[in-house]
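Just so you know, residue 1 is the first one in the sequence shown, and it goes up from there.
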Amino acid sequence: MVSNPRPLAVKTALNRVANMPFRWSLNPYRGCAHACVYCYARVTHEYLGLDPGRGFETDVLAKVDVGDALARELGRPRWRGEEVAVGTATDPYQPAEARLRLTRRVLE
């Protein structure tokens, strides 16, 4: 289990989604310390050039400024107040969430 994810700075918090019942998603973390072998989100690690196997479980990244990025995006005049699905590509309640509180900041 990863107790200390690596920090990952982000420019945006929201991800545009296609072919789903929602248009926006948000994931405060990349990778997942829960290590479910059947997790469909493992391929998201491959996108960053990371190992989608064991690396997905051990190389968890924490989007440390996701709350600030989200506040900027929601504050834009063009934001329409649409629904945002949280945790679509990783569990937003990683073990480190107890300390980092990234998901909590996003919800607040």
_Transitive ILVMFWY side-chain link V43 to L48, under 4.5 Å_ = no
*asked:* Does atom CZ (R80) have a neighbourhood of more than 12 heavy atoms from anything else shown, all under 6.0 Å?
replied: no
*Which value, rounded to the nearest 0.5 Å, describes the distance between C32 atom SG and F56 atom CZ?*
5.5 Å
*asked:* Closer than 3.5 angstrom, by distance alone: can the side chain of T90 be matched with the main-chain N or O of G31 as a donor-acceptor pair?
replied: yes
*Charged N to carboxylate O under 4.0 angstrom, R23 versus E83?*
no
_To the nearest 0.5 Å, what is the distance between CH2 on W24 and CZ on R16?_
4.0 Å
*Could you give the distance from OH (Y93) to NE2 (H34), rounded to the nearest 0.5 Å?*
11.0 Å
*Identify the two heavy atoms, one from P92 and one from P28, that lie closest to each other, and give their separation to 0.1 Å.*
CB-CD, 4.3 Å
*asked:* Checking the side chain of E73 only, and the main-chain atoms of A13 only, is there a donor and an acceptor separated by less than 3.5 Å?
replied: yes
*Please round to the nearest 0.5 Å and tell me the distance separating atom CG of L100 and atom NZ of K63.*
14.0 Å
*Walk me through it: do R99 and N4 pass the test side-chain contact (heavy atoms from CB on, under 4.5 Å)?*
CA-CA 9 Å; R99 182 173 41 82; N4 194 21; 3.7 Å; yes
*Can you list the residues that meet the side chain to side chain contact (heavy atoms under 4.5 Å, CB included) rule with R105, with sequence neighbours excluded?*
L102
*Any idea which heavy atoms bring R42 and G53 closest together, and the distance?*
NH1-O, 2.6 Å
*Taking all atoms of both residues into account, what is the closest heavy-atom pair of V64 and P7, and its distance?*
CG1-CB, 3.7 Å
_Pairwise distance CG(L8) to CG(D65) - rounded to 0.5 angstrom_ = 8.0 Å
*Answer with yes or no whether the hydrophobic clustering places L50 together with Y47; edges join I, L, V, M, F, W, Y residues whose side-chain heavy atoms lie under 4.5 Å apart.*
yes
*If you group Ile, Leu, Val, Met, Phe, Trp and Tyr by side-chain heavy-atom gaps below 4.5 Å, do L14 and Y29 land in one group?*
yes
*Ignoring hydrogens and angles, tell me if any N or O in the side chain of N27 forms a donor-acceptor pair with the backbone of T88 under 3.5 Å.*
yes
*Out of R30, R54, H45, which one pairs with D59 under the side chain to side chain contact (heavy atoms under 4.5 Å, CB included) rule?*
H45
*asked:* Is there a path of hydrophobic side-chain contacts, each under 4.5 Å between heavy atoms of I/L/V/M/F/W/Y residues, joining W79 to L26?
replied: yes
